[in-house]
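Take a look at the structure set out below.
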Amino acid sequence: MSQFSDGASGSSSLNDVFTDGSEYTTNLSAQVQITEFGLEKGTTRNVFIKWTWNQLHTKEFRVVWYYFTGQGTSFVGSDARVTNKYSSYNAPSNATKVKVKILPIADSRKIGNYTAAYWTAKWTTLREYSFKNNPPTAPSAPSVTISDKYKLTASLANVNSDTEQIEWYVVKNDKTKFYSVKTKVNKNAASMTCTIDAGGTYKVKCRAWKGSQYSGWSEYSGNEGTVPTGVGEITRLEAFSETGVLVDWTGVKNCTGYEIQYTTRQGYFDSNPNEVKSQTVPSNISHAEVTGLELGQTYFFRVRATNDQGKSPWSSIKSITLGKDPTAPTTWSSTTTAIVGEELVLYWVHNATDGSSEKQAELELNVDGTITTETIVNTATGDDKDKTKSKKINTSKWSEGTTLKWRVRTMGITGNYGEWSVQRVVNIYAPATLQLNVTDSSGSDISTITSFPFYIKGIGGPSTQKVLGYHVSVVALEGYNTVDETGMAIIVAKGQEIFSRYYDTSGELLLELHAGNIDLQNNVGYRVICSVAMDSGLSAERNEDFTVAWTEMTYSVNAEMAYSPETYSFLIRPYCLDENNNPVSDVTLAVYRRQFDGEFVEIASDLENSSNRFVTDPHPALDFGRYRVVAKSKSTGAISYYDMPGYPINESGIIIQWEEQWQNYITSEINENDTYAERPWSGSMVRLPYNVDVSDDSDSDVSLVEYIGRKHPVSYYGTQVGQTANWNTDVPRRDVETLYALRRLAAYQGDVYVRESSGSGYWAHVNVSVSKKHQNGVVPVTIKVTRVEGGI
């Protein structure tokens, strides 16, 4: 048996230790299972081991501990028998490591004269623990001081020699980690400094580090307090009476009280302390009632917290004006007819009677009799505080036909609501729809127009809403040059509207477009823009594009002309021939008189191209008859025209006509020997064939505006052109018919048509002055003429 088998101590080789001359044999192959092995928590030399073993008839366990010194020498530290499955060993201070092994021992029984064990087992494999892995010793609680209000310093003295670094852990208000850091140990001492926040308490704990090993945490230091934090914003500042103000703020911890300052000018706080008043309250109160103020005065307030360590910074400054309740706010909405799902915005403006800002508003919604209210706090600041307020409403939660009634009232500085606004109504509808088609006469959709007429068909919806009308416009998709119905050249720009009309109808739209109501250019694209207005106030718009592609025709336009010296009128028979000199049936004709000032006056239009159609012009110029004949295609609207050579008339004198009637069309051809089927002209007329002095005058509508920095005035011309004339003549006393006609003209209350031999002619208002002397053979006549708007 080895010297270690009986538990005796002494030195031997490692082989002797591992060779155990026990009386037991190791026939049982099972070993105990080690579950835990290591250093006891809170110790530096006490090593423990735990195991499991489930074999029946187990009596006890033999546990042998060995320790080793730095020279490699091993010793039996403990050889004990235990019945529980746990063992520990407190190694000596010079031990560098320990090893342990465990042997289960069975109960025995009598078999005849023999005592036999139920079984035998093996030793466990040696388990080793090295003290080189031991963590450093835990330090004591650190010392903590706070200086300069926001500087915290923690320190340790007499740090154990096995410690390389100290880890510091700073806690704010007993629960929140605020800061952590590691510092090196220098001459068995360590310290840490950090910046802290105001308004809390701070404590520190620490632990020692050696390499990657660390000790347990020390105890916490005592709590150290700071100056309190600032209260931040004043949360409420409102009048509770005409001379009293309620001030609220958010309370802070770590303070012993609050100081409230107020003054009538913000600049007094730092420049004139004699004008600043103050009030203090204990720390358990976060509001103050300030009384004895003046109505109509503006007051500025600020608050700070205090404790034994000092005072916090001041809060931001807020002001209040003591006043009265507001009047009813002004309200409107983004629309009075909303579409289901469309965002509806309600607007209101606070109408203060004391100049104060809106604190909050109460919005009342009445949806088909169900009333709800919502309080809307004015959170805006600065310049935005008094701007128009709004509330967005989602209409998708309502169905078509819903009626929304709403009103608002607002609260000012007094804390009381003013009067309700007028109740406004918004109707909720489904979106308006429009079906738009461009069709031919058979109703088939077309995108290319080859001839007139074509149709625009529109159907407004939905059926739950009533159509009020349609607006149709046609715009050009490209620019081009063309002529108007009088033959004048015009330029059509891209996007220019060439047709626009509103149709007041409650049903479907069916618009026929033909050469008489629209002028289209060949090989040009156009867009139809149609909108429908519903009785709900909603509208819808659709576009359809089409192009024009028709065959161009060349026409020869001319006319026959004749002058009637009896009635001072003119006869014109317009006609249009094709390239084979055959009358063209696909055109309508129009006749225009070219005035002395270059304008064209329509004599007749929409004339059939017939050989027996004569047109009467009751007011041709007295020097030359100048006319333009225009042919317009019925199928395409194309315009052809011809300016007739001037027809000499050479009438002298002045002709004034009024109360006229004339026959525009003569239904039979006229030859030199023919008589009129009916009188072409009737009315009142005066002809002055004598020497007439003519004085014309005109006055443009113009403003001459002088500007500083300009040498000459700037002219702005209007549309008004004043045109007047003075005509003077002598009528022989014996010409009683002319004098009679002049007296009738002087008494006439209406416009007349005047012409004189230079070619001018126009509608006018005249003043007739007749001066008759008893011994004179002539009667001086003065006619003052003022041009007015008129017809042919």
Side-chain angles (χ1 to χ4, degrees), residues 328-350 358 360-380 384 387-410 420-438 445 456-473 475 495 500 502-511 527-545:
T330 304
T331 59
W332 70 95
S333 60
S334 57
T335 181
T336 58
T337 304
I339 301 173
V340 173
E342 177 186 20
E343 184 179 75
L344 172 65
V345 185
L346 310 180
Y347 299 93
W348 66 91
V349 175
H350 175 65
E358 174 189 327
Q360 64 186 39
E362 187 175 31
L363 172 64
E364 179 187 271
L365 300 180
N366 184 337
V367 181
D368 291 338
T370 301
I371 298 176
T372 59
T373 59
E374 179 182 358
T375 300
I376 303 170
V377 179
N378 181 13
T379 59
D384 296 333
K387 289 185 177 179
T388 299
K389 304 300 183 296
S390 63
K391 174 67 177 179
K392 295 180 179 179
I393 304 296
N394 183 7
T395 62
S396 60
K397 58 186 175 182
W398 299 319
S399 60
E400 182 183 10
T402 299
T403 299
L404 169 66
K405 299 178 181 179
W406 67 281
R407 60 179 183 171
V408 178
R409 61 179 180 177
T410 58
W420 284 103
S421 68
V422 63
Q423 189 173 62
R424 302 198 179 275
V425 179
V426 178
N427 295 309
I428 312 298
Y429 293 96
T433 60
L434 175 62
Q435 177 183 335
L436 182 66
N437 301 92
V438 179
D445 292 348
I456 296 175
K457 183 178 181 181
I459 303 176
S463 59
T464 54
Q465 302 172 35
K466 181 180 178 181
V467 175
L468 297 180
Y470 299 86
H471 181 267
V472 180
S473 64
V475 297
S500 178
Y502 180 78
Y503 295 90
D504 186 4
T505 177
S506 60
E508 297 181 0
L509 171 69
L510 185 60
L511 169 62
R527 174 168 294 159
V528 178
I529 303 174
C530 182
S531 61
V532 61
M534 314 300 291
D535 64 347
S536 63
L538 302 177
S539 63
E541 182 176 291
R542 286 286 305 275
N543 302 334
E544 287 291 332
D545 294 349

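Between L436 and K457, every side-chain heavy-atom pair lies at or beyond the 4.5 Å cut-off. Between V340 and Y429, the closest side-chain pair of non-hydrogen atoms is not below 4.5 Å. Contact of the T331 side chain with the Y347 side chain is not registered, since no non-hydrogen atoms from C-beta on lie closer than 4.5 Å. Annotation: side chain of V367 is not in contact with side chain of T403 (no heavy-atom distance under 4.5 Å). Between T395 and I339 the shortest side-chain heavy-atom distance does not fall below 4.5 Å. Residues T373 and L363 fail the side-chain proximity criterion, which asks for heavy atoms closer than 4.5 Å. Using a 4.5 Å cut-off on side-chain heavy atoms (C-beta onward), I456 and Y470 make no contact. Taking 4.5 Å as the limit, some side-chain heavy atom of W348 sits within range of a side-chain heavy atom of E358.
For D384, the salt bridge (charged side-chain N to carboxylate O under 4.0 Å, His left out) partners two or more places apart in sequence, or in a different chain, are K387. With sequence neighbours left out, E342 forms a salt bridge (charged side-chain N to carboxylate O under 4.0 Å, His left out) with no residue at all. Considering only residues two or more places apart in sequence or on other chains, E364 meets the salt bridge (charged side-chain N to carboxylate O under 4.0 Å, His left out) condition with R407. Take K392 and apply the side-chain contact (heavy atoms from CB on, under 4.5 Å) test, not counting sequence neighbours, and it matches E343, V345. For R542, the salt bridge (charged side-chain N to carboxylate O under 4.0 Å, His left out) partners are E544, not counting sequence neighbours.
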Next on the checklist: Set out, in order, the CA-CA distance, both residues' side-chain angles and the distance that settles side-chain contact (heavy atoms from CB on, under 4.5 Å) for S536 and N427, then state yes or no.
Outcome noted: CA-CA 8 Å; S536 63; N427 295 309; over 6 Å; no
Item to check | Stepwise side-chain contact (heavy atoms from CB on, under 4.5 Å) test for V472 and S500 | outcome: CA-CA 6 Å; V472 180; S500 178; over 6 Å; no
Checklist entry - What do the steps show when you test L404 against N366 for side-chain contact (heavy atoms from CB on, under 4.5 Å), and what is the final call? => result CA-CA 6 Å; L404 169 66; N366 184 337; over 6 Å; no
Next on the checklist: Determine whether K405 and R424 satisfy the following criterion, side-chain contact (heavy atoms from CB on, under 4.5 Å), listing intermediate values before the conclusion.
Outcome noted: CA-CA 6 Å; K405 299 178 181 179; R424 302 198 179 275; over 6 Å; no
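Rounding to the nearest 0.5 Å gives a distance of 9.0 Å between NE2 of H471 and SG of C530. Annotation: the span from I529 atom CD1 to N543 atom CG amounts to 5.0 Å, rounded to 0.5 Å. We find the OG-CG distance between S506 and D535 to be 10.0 Å, quoted to the nearest 0.5 Å. Distance check, rounded to the nearest 0.5 Å: OG of S421 to CD of E362 gives 11.0 Å. For the atom pair OG1 of T379 and CD of Q360, the computed distance is 11.5 Å after rounding to the nearest 0.5 Å. The structure places OG of S531 at 8.0 Å from CG of L434, a figure rounded to the nearest 0.5 Å.
Checking H350 against T410 by side-chain atom types alone, a donor-acceptor pair falls below 3.5 Å.
A pairwise comparison of heavy atoms in N437 and Q435 identifies OD1-NE2, 3.4 Å as the closest pair. Closest heavy-atom contact between L344 and S333: CD1-CB, 4.3 Å. Closest heavy-atom contact between P462 and E400: CG-OE2, 4.2 Å. Heavy-atom minimum distance, L538 versus A432: CB-CB, 4.1 Å.
Judged purely by atom type and a 3.5 angstrom limit, Q465 uses its side chain to pair as donor or acceptor with the backbone of A430.
Residue pairs that meet the salt bridge (charged side-chain N to carboxylate O under 4.0 Å, His left out) test with at least one member in residues 365-378, sequence neighbours left out, are E374-K391.
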